Amino acid sequence: MNYNVKHFLEQCLFSVQAALKTDGEIIVVDNCSSDNSLAYLQPLFPAVKFIRNSENLGFARACNQGLAASRGTYVLFLNPDTLVPEDCFTQCLAFFRSHPEAGGLGCRMLDGSGRFLRESKRAFPSPMTSLYKLTGLSKLFPHSPVFSRYHLGHLEEKKNNEVDVLAGAFMLIPRKVLDQVGGFDERFFMYGEDVDLSYRIQKAGWKNYYFADTPIIHFKGESTRKSSINYVRMFYQAMSLFVRKHYGGKRAGIFNGLIHLAIWLRAGLSAIGRFVQKIGLPLIDAGLILLSFWLVKLAWTGWVRPEMEYENRLLWIAFPAYSVFFLLTAYYAGLYDKWYRRNEVLHASAIAVITLLAAYSLLPEQYRFSRGIVLFGAISAFVLISLLRYLLVKTGVLSSAREKEEHQVYVVAGSEQETKQVQQLLNEAGYRQPFLGRIAVTEADTGGAGQISSLPSLATMLPFREIIFCQGQLTYKEIISRLEQLPEGISAKIHSNGSHSIIGSDSKDSSGESVSREQYRISDPYNRRLRRLAETGIAIAGILLFPLHIWLVKKPFVFLGRCFRVISGKNSWVGYAGKAAGLPPLRPGIIACNGLPLSQPQVISAESLQMTDFWYARDYTVQKDLELIGRLYRHLGD
């Protein structure tokens, strides 16, 4: 089932085709993706059967659609953000032949950095396992057969075992079993459907197995969504539905009580976290900044310049104004992006300090008092904000993405030709990280900076922090094996032979990321903030200087109305020239990105308009918008 992950699905399909050594069919059900998935994928995979839904029907219904369209003796339900090794299916089918009692098979899953995913093996939910999970005992005793039963922590990671639950990311089930127990229960929109089907398989007398001999990669862990209130609601509603369906009597009552307690606790924590991130955090930061300026002022007048006196009235105006100015500058520099990164706090604070000092120097003399107070107050604010972020990350209120260096050096593991293909793709995607060299993948290849067989030692000797594995001369099985050997701190990406993208994920705690020629700079939060700031500034200037515009702009009163529409967010000054199918959404524009007013008919073909829009979104800069607006200034009211 696919939903807006076309680049991950592209790599997944290449790996599935490589592993499908026996007769088989590949079916993709698309749940109304908005990223142009099918138009992108169908030409690449003519042998794959694609089913397009006009709305998002949920995981269970989509899988049942694929099941109804399939004809195989065995049915594999596979997530699109997975990669399988070449011998995966043959090993799994051999296991079924040697275990006739097996009704379902799951496998050992690794995240994008090669670390084991605990959801690969699970027990059915119960009141006690839920209690241990809620109280944190399962984390304190991760290998206990009692406290860590939910993830079956006592079972060895690399040993085959009978388990209760098959993970929905990889569920291989004989058709005869599905004919007996039925497919997924479509009352489960998302989450819990794999638990329910596993329960019915076991209840029908079959056994579910965790198969450790063939690891796969699953790029996106559930924890990427756990801060969402919507996730909390959907996940625990699914658990409640499972309990009502399969448990009865007092046990169901206790379990439902725990589930509702968990819903309230998780929803409460999520609400607090969201409040802190969206509203509370800027307010707390404002208090810290104000406190910083005040403390520095006390220290400055007490120890450095005791002879100086400042009017309290001036300070009551200046310090709040500085605090607000510091916050606004830091916001547009990226301080309140989704993930906390230490280098972004430093970057945002540095820009805020420099901008604050520059603005201070422009103030009239009677409103200035001491550059030292401004400078050290801003530095003190940075220290306090950094300390606050550290505490919030440690207590779990903020999520922290793994630190990445601004100019992270990378290497490519592949042949010379594969390396050139990867570099060309990276250049087209605007990937500007420094390239260190190539890692040879065969013993006969002596042209690389080292051999992949020595990868762990190379990582300590060469200053790279990212490796891109090329599937071609390297098999998927070899890549997965090398991933498990990567030292801590080295991130990885994977490029399949014949594909147009590169994918990766640093851990189960961060969403996977893809690199392709369809990287859109206009989607970057930093660029979107600058774009909105520039548009609003131009609109405000248009209103304030309207008497001047009456003589310079055609239809000035229409222009005035458009200024208000831009400020209210109903329009943007620059928009797409065509329909922009599959591109990041923008507000309707007043002028087109090809330099023509949208009020004028577009005389070029729809294909040319689509390419113009694509280049605009991919290579976007605020400067381009400003140039277009300046060039078409007289026509902003047309």
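Keep in mind that this is a model prediction, so the values were computed, not measured.
- Judged by distance alone, with hydrogens and angles left aside, the side-chain atoms of N208 form a donor-acceptor pair with the main-chain N or O of S198 at under 3.5 Å.
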(Q) Checking L44 against L13 for the side chain to side chain contact (heavy atoms under 4.5 Å, CB included) test, could you report, in this order, the C-alpha distance in whole Å, the side-chain angles of both residues, the deciding distance, and whether it holds? (A) CA-CA 10 Å; L44 291 173; L13 290 174; over 6 Å; no
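- With D35 contributing its side chain and S37 its backbone, the two residues share a donor-acceptor pair below 3.5 Å.
- Using a 4.5 Å heavy-atom cutoff, the side chains of F77 and F170 are not in contact.
- Classification of the F96-Y74 ring pair by plane angle, with boundaries at 30° and 60°, yields tilted.
- In this structure the side chain of L83 never reaches within 4.5 angstrom of the side chain of I216, judged on heavy atoms.
- Here E193 does not pair with R61 in a salt bridge; the nearest charged N to carboxylate O distance is not below 4.0 Å.
- Between C63 and F184 the shortest side-chain heavy-atom distance falls below 4.5 Å.
- If you look at Y3 and F59, their ring centroids are not closer than 6.0 Å.
- Side-chain polar atoms of E55 and N31 form no donor-acceptor pair below 3.5 angstrom.
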Q: May I have the step-by-step check of side chain to side chain contact (heavy atoms under 4.5 Å, CB included) for I26 and Q17, ending in yes or no?
A: CA-CA 8 Å; I26 304 172; Q17 285 183 337; 3.8 Å; yes
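- The side chain to side chain contact (heavy atoms under 4.5 Å, CB included) test applied to I480 returns P85, L110, P215, I217, not counting sequence neighbours.
- Residue pairs meeting the side chain to side chain donor-acceptor pair (under 3.5 Å) criterion with at least one partner in residues 449-459, sequence neighbours excluded, do not occur; the list is empty.
- Looking at K121 and F116, their side chains come closer than 4.5 Å, going by heavy atoms from C-beta outward.
- Between I173 and G104 the shortest heavy-atom distance is CG1-CA, 4.3 Å.
- In this structure the side chain of L41 reaches within 4.5 angstrom of the side chain of E10, judged on heavy atoms.
- Residue N4 holds its CG atom at 11.5 Å from CG of L9, rounded to the nearest 0.5 Å.
- By the neighbour-count criterion of 12 heavy atoms within 6.0 Å, atom CG of D179 is densely surrounded, having more than that number from other residues, nucleotides or ligands.
- Checking each of Q421, Q471, Q11 against S499 for a side chain to side chain donor-acceptor pair (under 3.5 Å) leaves exactly one that passes, namely Q11.
- Judged by distance alone, with hydrogens and angles left aside, the side-chain atoms of R200 form a donor-acceptor pair with the main-chain N or O of V181 at under 3.5 Å.
- Q202 and D164 are linked by a side-chain donor-acceptor pair at a separation below 3.5 angstrom, with hydrogens and angles left out of the test.
- The local environment of CD in E416 is sparse, with at most 12 non-hydrogen atoms from other residues, nucleotides or ligands closer than 6.0 Å.
- With hydrogens and angles disregarded, no donor-acceptor distance shorter than 3.5 Å links the side chain of S70 to the backbone of G72.
- Exactly one of S481, S496, S15 qualifies for a side chain to side chain donor-acceptor pair (under 3.5 Å) with Y476. That residue is S496.
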Q: Walk me through it: do E443 and D445 pass the test side chain to side chain contact (heavy atoms under 4.5 Å, CB included)?
A: CA-CA 5 Å; E443 294 295 331; D445 185 351; over 6 Å; no
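- The heavy-atom pair separating L425 from V515 by the smallest distance is CD2-O, 3.7 Å.
- Between E25 and R71, the closest side-chain pair of non-hydrogen atoms falls below 4.5 Å.
- The closest donor-acceptor contact from the side chain of R122 to the backbone of V195 lies at 3.5 Å or more, if one exists at all.
- I494 has its side chain out of reach of I502: every pair of non-hydrogen atoms, C-beta onward, lies at least 4.5 Å apart.
- Side-chain contact between D111 and F219: absent, with no pair of heavy atoms (C-beta onward) separated by less than 4.5 Å.
- Of the possible polar contacts, one joining the H495 side chain to the S501 backbone as a donor-acceptor pair under 3.5 Å is found.
- Using a 3.5 Å distance cut-off with no hydrogens or angles, the side chains of E157 and Y210 do not pair a donor with an acceptor.
- Although no hydrogens or angles enter the test, the distance criterion places a donor-acceptor pair under 3.5 Å between the side chain of N427 and the main chain of Q423.
- With hydrogens and angles left out, the side-chain atoms of E186 and N64 include a donor and acceptor closer than 3.5 Å.
- Among pairs with a residue in residues 433-469, those fulfilling ring-ring contact (aromatic ring centres under 6.0 Å, His included) read Y410-F435, at least two apart in sequence or across chains.
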Q: Go through the steps for E484 and R108 under the test salt bridge (Lys or Arg N to Asp or Glu O under 4.0 Å), then give the verdict.
A: CA-CA 12 Å; E484 291 189 85; R108 181 162 65 97; 3.0 Å; yes
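- Under a 3.5 Å cut-off, the side chain of R97 and the backbone N or O of F95 do not form any donor-acceptor pair.
- The shortest non-hydrogen separation linking A102 to P174 is O-CG, 4.2 Å.
- A donor atom on one side chain and an acceptor atom on the other are not found under 3.5 Å apart for H218 and T82.
- Of all the heavy atoms in C107 and T214, the pair that sits closest is CB-O, 3.8 Å.
- Here the side chain of T90 pairs a donor or acceptor atom with the backbone of D87 at under 3.5 angstrom.
- Counting all heavy atoms, side chain and backbone alike, A60 lies closest to D185 at CB-O, 3.6 Å.
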Q.
Checking V75 against L178 for the side chain to side chain contact (heavy atoms under 4.5 Å, CB included) test, could you report, in this order, the C-alpha distance in whole Å, the side-chain angles of both residues, the deciding distance, and whether it holds?
A. CA-CA 9 Å; V75 178; L178 291 168; 3.9 Å; yes
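- Around CZ of R175, the count of heavy atoms belonging to other residues, nucleotides or ligands within 6.0 Å exceeds 12.
- Side chain of R438 to backbone of G414: a donor-acceptor contact under 3.5 angstrom is found.
- Looking at every heavy atom in both residues, L197 comes nearest to G183 through CD1-O, 3.9 Å.
- A donor-acceptor pair shorter than 3.5 Å can be found between the side chains of S33 and D30.
- If you run ring-ring contact (aromatic ring centres under 6.0 Å, His included) between H99 and each of Y209, F211, W206, only Y209 comes through.
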